[in-house]
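Before any comments, here is the structure.
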Amino acid sequence: MEKKKKLDAKEGQRLLHQMILIRRFEEKSAEEYTKSKIRGFLHLYVGEEAVAVGVIQALTEEDNVLSTYREHGHALARGVDPKAIMAEMYGKLEGCSKGRGGSMHLFDATKNFFGGNAIVSGHLPIAVGMALAAKKQKKNKVTCCFFGDGAAAEGEFHESMNLSALWQVPVLFVCENNLYAMGTAIRFTHSVQQLEKKGPAYGIESAAVDGMDLLAVMEAAEKAVKMIRETGKPYYLVCNTYRFRAHSMFDAELYREKSEVEEWKKKDPIPKFQDFLLKENLISAGQIAEIETAVEEEIRKAIAFGEDGTWEETGDLTRFVYSETQSI
Amino acid sequence: MEKKKKLDAKEGQRLLHQMILIRRFEEKSAEEYTKSKIRGFLHLYVGEEAVAVGVIQALTEEDNVLSTYREHGHALARGVDPKAIMAEMYGKLEGCSKGRGGSMHLFDATKNFFGGNAIVSGHLPIAVGMALAAKKQKKNKVTCCFFGDGAAAEGEFHESMNLSALWQVPVLFVCENNLYAMGTAIRFTHSVQQLEKKGPAYGIESAAVDGMDLLAVMEAAEKAVKMIRETGKPYYLVCNTYRFRAHSMFDAELYREKSEVEEWKKKDPIPKFQDFLLKENLISAGQIAEIETAVEEEIRKAIAFGEDGTWEETGDLTRFVYSETQSI
Amino acid sequence: MSDLIKITYREAIKQAILESMQKDDRVFLMGEDVGNYGGAFAVSKGLLKEFGPDRIMDVPLSESGFTGAGIGAALAGMRPIVEVMTVNFSLLAMDQIFNNAATLLHMSGGQLNVPIVIRMGCGIGRQLAAQHSHSWEPFFAHVPGLIVLSAGTHEDARGMLLSALQSPDPVIIFEYTAMLNLEKEIPSDSGAVEITKAKVHREGKDISLITYGAGVYKCMEAAVSLAAEGIDAEVIDLRVLRPMDEETFLASVRKTHRALVVEEAWKSVSISSEVVSRIMEKAFFDLDAPVERLCGVEVPIPYPKHLEDASVPQVMDIVDKVKKMLRP
Amino acid sequence: MSDLIKITYREAIKQAILESMQKDDRVFLMGEDVGNYGGAFAVSKGLLKEFGPDRIMDVPLSESGFTGAGIGAALAGMRPIVEVMTVNFSLLAMDQIFNNAATLLHMSGGQLNVPIVIRMGCGIGRQLAAQHSHSWEPFFAHVPGLIVLSAGTHEDARGMLLSALQSPDPVIIFEYTAMLNLEKEIPSDSGAVEITKAKVHREGKDISLITYGAGVYKCMEAAVSLAAEGIDAEVIDLRVLRPMDEETFLASVRKTHRALVVEEAWKSVSISSEVVSRIMEKAFFDLDAPVERLCGVEVPIPYPKHLEDASVPQVMDIVDKVKKMLRP
Ligand SMILES: Cc1ncc(C[n+]2csc(CCOP(=O)(O)OP(=O)(O)O)c2C)c(N)n1
Ligand SMILES: Cc1ncc(C[n+]2csc(CCOP(=O)(O)OP(=O)(O)O)c2C)c(N)n1
Ligand SMILES: [Mg+2]
Ligand SMILES: [Mg+2]
């Protein structure tokens, strides 16, 4: 409510731009995958844009962000250069991880963006540790950690929640509940499927929000971040969302009905937010078209950048297995 | 209440006998440890007797029991021969694990007693699997799994609780909350210290009970086992208790006040139950003395049995790394 | 002799699962996405429909939990096939495998068998980058109590599982995801295979190529090239990484007097280290030259194809190496 | 030269922790029971009082969680010393160590350093049976990205930690619990030590004894016995198990022309396999006889003293083996 009033045109347009950028970037990535320009596993974020954009806008540049292998959206929302991301997926030295990581391992230390983690739930303890460091260093720094519904079944979820609450560290756990872990529906992975109900078992302030609604996510995230900054304690936010596309490019989607996907597409966060902006006169149809054009151009540049990138020399294969300098 | 009425003299005396046997057995073990007859880690159950005795009496012989490294009490309550347990701690071939396991690894397949597991929380998934097998085999078999407050912080607790509830398998999780994991007080290991509050996060029926009160434990365990048999679902029972002695023989007990221990000793489950039996005329002072004498004799025999046992031939060291027969 | 049929590596595994489930109703398959998704690599596609959810069990992301549950089910008389999607995630289940499955028989003095079969996808070759391209056969081969098999051929992909399910002891089977689509001819009636012996795939007199897993077809191909240049290489597939059959390769080395060990795993402390050591210990005086190794480069596997290819021995590397060894 | 002081292995470690915490306030110690209990093996006794609970952190039983938190804290600029009480429990943290600590630098193209030090108790010798007597140095030594140290002497127990904390890369330090009470003399000013090189502890000309960890003092003792019989053995402590310093032992073998590798870990796929392989590859023509190995028997370690002793090489075994090798 209050939020909606606060949102000004410029900010609204910026957020819409981000969501559209993510959407188009993902669509383009899929295309590049079928052209074999991108290889390995490719997990797209289409449908879930409101979560990354809504949460990350609530953070400052000093805050840390960690994500999974489905992290293009988070990286883009965090401001990692789309060119560097595309080059990364092209496997080029100009990529944000020097081409070593690919789609699943985007890193950008300058943006406090810490991956890009492909072991499900493996980054939760790391997030707790980064938040612990911030506390020890007396830095005003929230660590925000995105993960999926599937991840919440892993033991590391339990350990991380407990540690963060015990130690009272400033971490925001964001569970992106898209109802599936690969092809396994949440009813086969969680005995209690309202995942926000896991929070109280650790005494962690928890909430669930409609992850298809950018404004709702923004409001929930801002509330969460505010509480974290005020109390130094963890917060657990479940964003209920849906991925419109397959789990990865290897997925035949045998496990869900097309009609279910269609039903969810009606809740697409982008038209919803667009309509809101239009209705509130925060944007014009022309401005939307401009955003689309600008995004198209950004993506064109990203592809070109990836294409033009350089392959790492094979002789450099073992660089950075260990550090090249002894003092850090 | 109802329970107290049902308890007859014979059963009451049998249970008192078990508790006293465990107590004296543990005291004797400590003595043998200082004489270097027993080696390795030795974790005593003194103070917690009502939990093992109260829970296990609710099971049938067909049911499975799994425990930790602090499992002498469970083994004795389960009816594993005290001679075989003592011989095991003496490291002799006549031990219940042929001397290979020692104090932390008591096993007796004929009693459906499955350890004796020394990796904290490592047996929880196994218990779920045994319950799953019972379900698949359509056997009327409850699997009862004891573990500590410390164990509940491990990821495997989370995974096991979730799996058991998802699969709806007949397992009884018994958390022996003795307030310490080694020297770490529960306030340093759990953000939420009423451990029974963890059950609802999995939709598992849960309860907490005064683990120093045999009758209360019996009642709670019977209720739990009844529910499990009726529904085939898991149940989570927290027994709040206290260990009177050190964590193991290597523990200087720097982490708690003597006065705290003394306070808890006032709640000693054995005098409490003894008094109840006396008051209800279910036992006489003479009969108590007889139990003490009988227990003394059992323990004397156990020690003699251990002493007289044989050392395994060194040449047999590698027996049973793999099975000796190909069909099982 | 029976007819040959063309079959993919994937189909070979699938047929083995199908056949073993038809033959023995104690057998069931559990793993992430084995059911509704059809298997992460489509290996179990269709089996859920055939056998229903009690025998093709989708499990939550809980590697320790469900692997432990498999161990429990095995203890209780079932014959679980646990699929750990890929070896990359097996670290989360390592405690269950090494501390429980591998020890219970010995530690209980021969009382407790754990007839579990754990299958995992393994290896490099799909540009999946550091966290998803591991070759961790060496870890498992180090641990007594386990039987560790590597399915380097289509016959073994089909036959090893059938034999493993007859074993009273825990068996780990490594399957190579890069080979899933590869078609080969196998005898139409090919079934259970020997799982205690290595296999000479090609006889030769000039040098012994000793390998396993993804190295097998590579070495066979290299041997063909070498033959064209007048070098007659013997190719040995270790197959059983634990307990290792040294007789087969020692006999070969005694004949050829030279050996090259080829593996994709990192070089240090690997299967090849063990093979070289045994040749040193038992065939030293038969050697005309030092045994050499071609192994994985010691680096977290990078994403780009050229770097990935450079990380493990390729056919040409083998050919070149052999030529250098024989014609220095 | 400085004075010698008598010191236990335990005290040596403790002094290193103390000194490093005094020197650098980014350093903190976290682990189970390191604080209130004083350390499972009394290593950190008194440090909580000295440094307070923010720098001596008791953690819940959550090996994956707190090790991962250590990695996160290291990423964020701290210098955590994570104590995994013993290597037996490290399997639960293996994913964090191998998939995160070891890969992040390379996978991020050199952006992310993980300056964590992980200490663990290790080895056999206290009759703790199968689940508590592991020697798992070989697992860690297999993994690129890690620096793996083995503190086989009192100087190293003290000095390695000090040096490790200067490393920009993750360091694992193995400490040997069976040696904790052992007193030895070290220079009173002994401090940081070299952590890239093996060390010749005793020069000799007849044979090279190559070992590490608990094997070091055993081999020194054996060398003394052998000297009495006219055999002059050189003793080499590998110290750095990864990246392994082969130059030192190759030089030795080139001089003595014979070698015996001694380790307590299971024989197959071990540190000794790697040492033998490198000698094969690089000093084959310097050998007068095949290199031999004395290793742990491949069995889950049993509880009784005589069987435990029989499970690893003892001083007399080394002496006998050398005599057999030199005077067949
Ligand atoms: C520990 C681990 N186990 C299995 C996998 C394989 N895997 C990759 S993604 C995935 C599903 C994760 O689902 P969820 O956490 O809901 O995230 P989503 O993909 O839906 O965003 C699985 C099983 C993995 N990467 N890591
Ligand atoms: C995975 C693991 N980590 C650490 C240990 C060392 N350890 C043995 S017992 C124990 C405390 C366990 O406490 P709790 O579960 O409360 O059981 P209690 O001993 O109080 O009965 C610890 C830390 C272990 N055995 N296993
Ligand atoms: Mg999901
Ligand atoms: Mg406890």
Side-chain angles (χ1 to χ4, degrees), chain C residues 63-64 88-89 91-92 94-100 102-107 129-131 134 136-139 141-145 241-244 261 265-285 287 289-293 297-300 302-303, chain D residues 63-64 88-89 91-92 94-100 102-107 129-131 134 136-139 141-145 241-244 261 265-285 287 289-293 297-300 302-303:
Chain C
E63 283 77 6
S64 196
N88 309 289
F89 319 135
L91 298 182
L92 293 164
M94 213 76 140
D95 177 61
Q96 287 297 333
I97 303 174
F98 292 179
N99 268 322
N100 291 334
T103 64
L104 278 165
L105 180 69
H106 188 266
M107 194 163 73
Q131 294 181 335
H134 293 298
W136 281 336
E137 298 94 332
F139 294 153
H142 180 61
V143 180
L241 305 183
R242 175 164 207 102
M244 201 181 267
V261 193
W266 294 316
K267 188 172 195 171
S268 294
V269 193
S270 60
I271 304 294
S272 64
S273 331
E274 184 58 25
V275 170
V276 173
S277 293
R278 296 198 188 192
I279 296 173
M280 166 76 88
E281 292 166 329
K282 296 177 181 162
F284 179 76
F285 296 105
L287 290 175
V291 179
E292 301 205 35
R293 296 186 283 169
V297 177
E298 306 203 285
V299 64
Y303 161 69
Chain D
E63 284 78 4
S64 196
N88 309 287
F89 319 135
L91 298 183
L92 293 164
M94 213 77 139
D95 176 60
Q96 286 298 333
I97 303 173
F98 292 0
N99 268 322
N100 291 335
T103 63
L104 278 166
L105 180 69
H106 188 267
M107 194 163 74
Q131 293 179 336
H134 293 297
W136 280 337
E137 297 94 332
F139 294 153
H142 180 60
V143 180
L241 305 182
R242 172 165 210 103
M244 203 181 266
V261 193
W266 295 316
K267 189 172 196 170
S268 295
V269 193
S270 60
I271 304 293
S272 64
S273 330
E274 183 58 24
V275 171
V276 173
S277 293
R278 296 199 188 191
I279 297 174
M280 166 76 88
E281 291 166 328
K282 296 177 181 163
F284 179 76
F285 296 105
L287 290 174
V291 179
E292 301 206 33
R293 293 187 285 169
V297 177
E298 306 204 285
V299 63
Y303 161 68

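So you know, we letter chains A, B, ... as the sequences are listed, proteins then strands, and number each from 1. Hydrogens, waters and symmetry mates play no part in the numbers below; they use all other heavy atoms, side chains included. This one's a predicted model, so the numbers in the text were calculated from it and none came from an experiment.
Between chain D and the residues C:L287, C:V291, C:V275, the largest count of heavy-atom pairs under 4.5 Å involves C:V291. Per-residue counts of heavy-atom pairs under 4.5 Å with chain C were compared for D:V276, D:V269, D:L91, D:N88; the largest is that of D:V269. Residue with the most contacts toward chain C among D:V143, D:I271, D:L105: D:V143 (heavy-atom pairs, distance under 4.5 Å). Of the listed residues (C:R278, C:Q131, C:M94), the greatest number of heavy-atom pairs within a distance under 4.5 Å of chain D belongs to C:Q131.
The shortest distance between side-chain heavy atoms of C:H134 and D:N99 falls below 4.5 Å. Looking at D:R293 and D:S273, their side chains come closer than 4.5 Å, going by heavy atoms from C-beta outward. Within the 4.5 Å cutoff, no side-chain heavy atoms of C:E281 are placed close to those of D:P290.
The contact between C:K267 and chain D is made by backbone and side chain atoms together, counting heavy-atom distances below 4.5 Å. At a 4.5 Å heavy-atom cutoff, D:A129 makes no contact with chain C through either its backbone or its side chain. Contact annotation for C:M107: only side-chain heavy atoms (C-beta onward) come within less than 4.5 Å of a heavy atom of chain D. Looking at D:A102, only its backbone comes within 4.5 Å of chain C, counting heavy atoms on both sides. Only the side chain of C:F285 comes within contact range of chain D, judged by heavy atoms closer than 4.5 Å. Looking at C:H142, the atoms closer than 4.5 Å to chain D (heavy atoms on both sides) sit in the backbone and in the side chain alike.
Ring planes of D:F139 and D:W136: tilted class, angle from 30 to 60°.
In this structure, OG1 on C:T103 lies 12.5 Å from CD1 on C:I97, to the nearest 0.5 angstrom.
Across all their heavy atoms, C:F284 and D:A289 have their closest contact at CE2-C, 3.8 Å.
Residues meeting the side chain to side chain contact (heavy atoms under 4.5 Å, CB included) test with C:P144, sequence neighbours left out: B:V321, C:R242, D:W266, D:E298.
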